[in-house]
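Below is one structure, written out as structure tokens; the observations come after it.
Lettering follows sequence order; numbering is per chain, from 1.
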There are 2 protein chains.
Amino acid sequence: MATPANPAGDGARATLAQVAARAGVSASTASLAFSGAGPVADETRERVLAAARELDYGGPDPRARSLRTGRSGIIAVVMEDRIRVAFRDPMVVTLLDGIADEIGTAGYSLLLLTDSLERAEGGLRDAPMDAALLLGCSTDLDPAVRVLSQRQVPLIGVEAEPRPGMHLVDIDNRDGMRAGAEHLHDLGHRRVAVITLPMDREHTRGPLTAEWAESSVAYTGLERLKGVRDVFPDAPAVVAAGSLIEEGLVAARALLDAHSDLTAIIGQSDLLALGAIQAAEERGLTVPDDLSVLGFDGARIDGLSRHRLTTVVQPSVEKGRAAARLALAALAGEQVESVAFTTELRLGDTTAPPRER
Amino acid sequence: MATPANPAGDGARATLAQVAARAGVSASTASLAFSGAGPVADETRERVLAAARELDYGGPDPRARSLRTGRSGIIAVVMEDRIRVAFRDPMVVTLLDGIADEIGTAGYSLLLLTDSLERAEGGLRDAPMDAALLLGCSTDLDPAVRVLSQRQVPLIGVEAEPRPGMHLVDIDNRDGMRAGAEHLHDLGHRRVAVITLPMDREHTRGPLTAEWAESSVAYTGLERLKGVRDVFPDAPAVVAAGSLIEEGLVAARALLDAHSDLTAIIGQSDLLALGAIQAAEERGLTVPDDLSVLGFDGARIDGLSRHRLTTVVQPSVEKGRAAARLALAALAGEQVESVAFTTELRLGDTTAPPRER
DNA sequence: ACCGCCAATCGAATCGATTCGACAGGCGAA
DNA sequence: TTCGCCTGTCGAATCGATTCGATTGGCGGT
């Protein structure tokens, strides 16, 4: 038992052929015994499994199997940020959870990739995968799309700008944000500002310029911005460098400095909104009496604030599941249709009528 | 350009052989032209690349390549929890970040696996991987270890109990925790309780029993517990169901109920400690005057608390990097030695001498 | 008694690359 | 001039499985 009898000496893993030989059957039969496809006599199967045990054979080599079958059992998730950054966003985490859950039960595993193509090797270009999910939450995925579609990998975009050959999972960013803005408008707010998600690949901070507002790289951020501007056409906006509390804080400070008469701030994500609340409190402003704050996402964030944020809730786990299901459907050769979810405004205690001045 | 000339009709991806044929060279030469290994005349390479472009060939198939070379370019990370749970722990995220960074620059990608072996297919058993990192933060990894070592995959354990054939990256959990406990002792504390990490696979909550304290599945939690008990041999302990703020809150409530004379609570992670702070505040206790709280990890947690937690800091990103480097070294056939990091006590404002009673 | 069918097994082709050894030709050194 | 070496290219073997079609033997139906 200590040293399994290995014809090739030890160190080398046994092959199916060796197992078959030892069991006195052909490789084809041994393969059937392992995979369960095709009829095999119980007694034969037992003999094969016994031989495998004796040789310490752990089952067919995934590499060979995947060459032959054309399937690797891997679904890739392509993100733009490095892990440390991306995973601080609860939306990304819940999305991934939904994805992992769904593909896991289907027998697939999850490969985590970033879309940097600079590296000569590794990554997008030559990782094995059966399908790819692109999390295009903010910036440019075009190069990744090009490489992967050349490799004929089915592509699912999550909140990404529509592209030929890519199926989509989306939410009604614009409508949802508009509903939120209307809520503020109904309360009487007129001087409202926005903190947006990053607008370019470099994640540059700063006031939103017309150039950015016309660019097309930041799909989600732009859609949500449109939603606000549908109600408040002139709302000033500051671009954050990421969906993070600190970024919301920095951006909100800038907004409060530049526009002393603001009565409400809209964060394009809950984390940004929480940063805005911090900025307000920092200056002695009470939320919601002195400043209303609205978020987007509906993230459940650990006792992070004494407030219940008023926010536009999106079904993030479901989004992940749906994306995974689209990928699985594409792999099964089924007709794939894009999916769109709807958001819902959840009232908390961070919005109220503006204080009379 | 729209429809690349594909001899096999479209839909089917071109193969290296087809590209070679079109370029008028042999498959071997075409391979060399792509991989850069071996001498190829510039003019020939150009011809090959041109042919590839014409056929819309995106480079060698990873599956075939990995069968031939025996390398898949994938390093797996095996966690015990589902993503949503695991990724709420900042330590896991930073660890992963370190890992991803290091293996990424080496041209490898990261496969995320959970250690559930229940599923018949997919996952540990047949995902392709060149090495595996086991995050054994708390519970039982034995079955996973068995499967993977049978597959001859180099194994690196991060804070896992030593096992034959597995290299380790560890920190001085016991010493570090002892240093923290000594700090409390020096301040004058005598009645100290602990909130521990999960102690079994099922993540059962409840007071720590002798049975648990002798079990061997929860390596990290037990080591840290020993560190405390080196100083406070009788310190009562409650087991949390996860490294989460809510869990710390629940556990601390139980501790405060059961031991009204406590002057300090030690959380085995920062999140647990933060939960303890919340529990204290909930009862009108002031931290650190009425209750000192000590954490472990040194997580940077977004403005989550008004306190700067006194905690035992571990180099979590470095731990990830080190684990990744061990894996890469093992793949390079180098001699691999286990690595141990040391922790450092960082004083914040959550510990103080106990209030006189 | 014969035919057809099904279960069980096997042989051989195949998936798409990499790589080793061989070979041809050109060049410099002795 | 000749020998050896280096460069560029090719053919063939190989990685380890899966799978298709063929083969064999046993069995029930008529």
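Close to D:dT18, at under 4.0 Å from its OP1 or OP2, lies a side-chain N or O of A:Ser31. Contact annotation: A:Ser26 side-chain N/O to C:dG11 OP1/OP2 distance is not under 4.0 Å. A close approach under 4.0 Å does occur between a side-chain nitrogen or oxygen of B:Arg65 and OP1 or OP2 of C:dT18.
Checking side-chain atoms of B:Arg163 against main-chain N and O of B:Val145 turns up no donor-acceptor pair under 3.5 Å.
Distance, B:Leu32 CG to C:dG21 C1': 13 Å, rounded to whole Å. B:Phe34 places its CZ atom 15 Å from the P atom of C:dG16, with the value rounded to the nearest Å. Rounded to whole Å, atom P of C:dG16 lies 14 Å from atom CG of B:Leu55. Residue A:Arg63 contributes atom CZ, which lies 17 Å from atom P of C:dA17 at whole-angstrom precision. Rounded to an integer number of Å, the gap from CZ of A:Arg71 to C1' of D:dA17 is 17 Å. Rounded to whole angstrom, the span from the CG atom of B:Asp126 across to the P atom of D:dG16 amounts to 17 Å.
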Polar-atom pairs under 3.5 Å, protein N or O versus N or O of nucleotides 12-15 of chain D: list them with distances, or write none.
| residue | atom | partner | partner atom | Å |
| --- | --- | --- | --- | --- |
| D:dT14 | O2 | B:Arg68 | NH1 | 2.8 |

N/O to N/O distances under 3.5 Å, protein versus nucleotides 5-8 of chain D:
none

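The two residues B:Asp126 and A:Arg65 come nearest to each other via the heavy atoms OD2-NH2, 3.6 Å. Closest approach of B:Leu168 and B:Pro162 over heavy atoms only: CD1-CA, 3.6 Å. Closest approach of B:Ala106 and B:Leu328 over heavy atoms only: CB-CD1, 3.6 Å.
In this structure, the separation between CZ on A:Arg13 and CG on A:Leu55 is 11.0 Å, given to the nearest 0.5 Å. Once rounded to the nearest 0.5 Å, the distance linking CD of B:Glu54 with CD of B:Gln18 reads 13.0 Å. Atom-to-atom distance recorded for B:Ile75:CD1 and B:Ser72:OG is 8.5 Å, nearest 0.5 angstrom. Atom-to-atom distance recorded for B:Arg151:CZ and A:Asp61:CG is 7.5 Å, nearest 0.5 angstrom.
In summary, A:Arg325 and A:Glu318 engage in a salt bridge, as defined by a charged side-chain N under 4.0 Å from a carboxylate O.
Across all strands, B:Tyr57 comes closer than 4.0 Å only to sugar-phosphate atoms, never to a base (heavy-atom distances).
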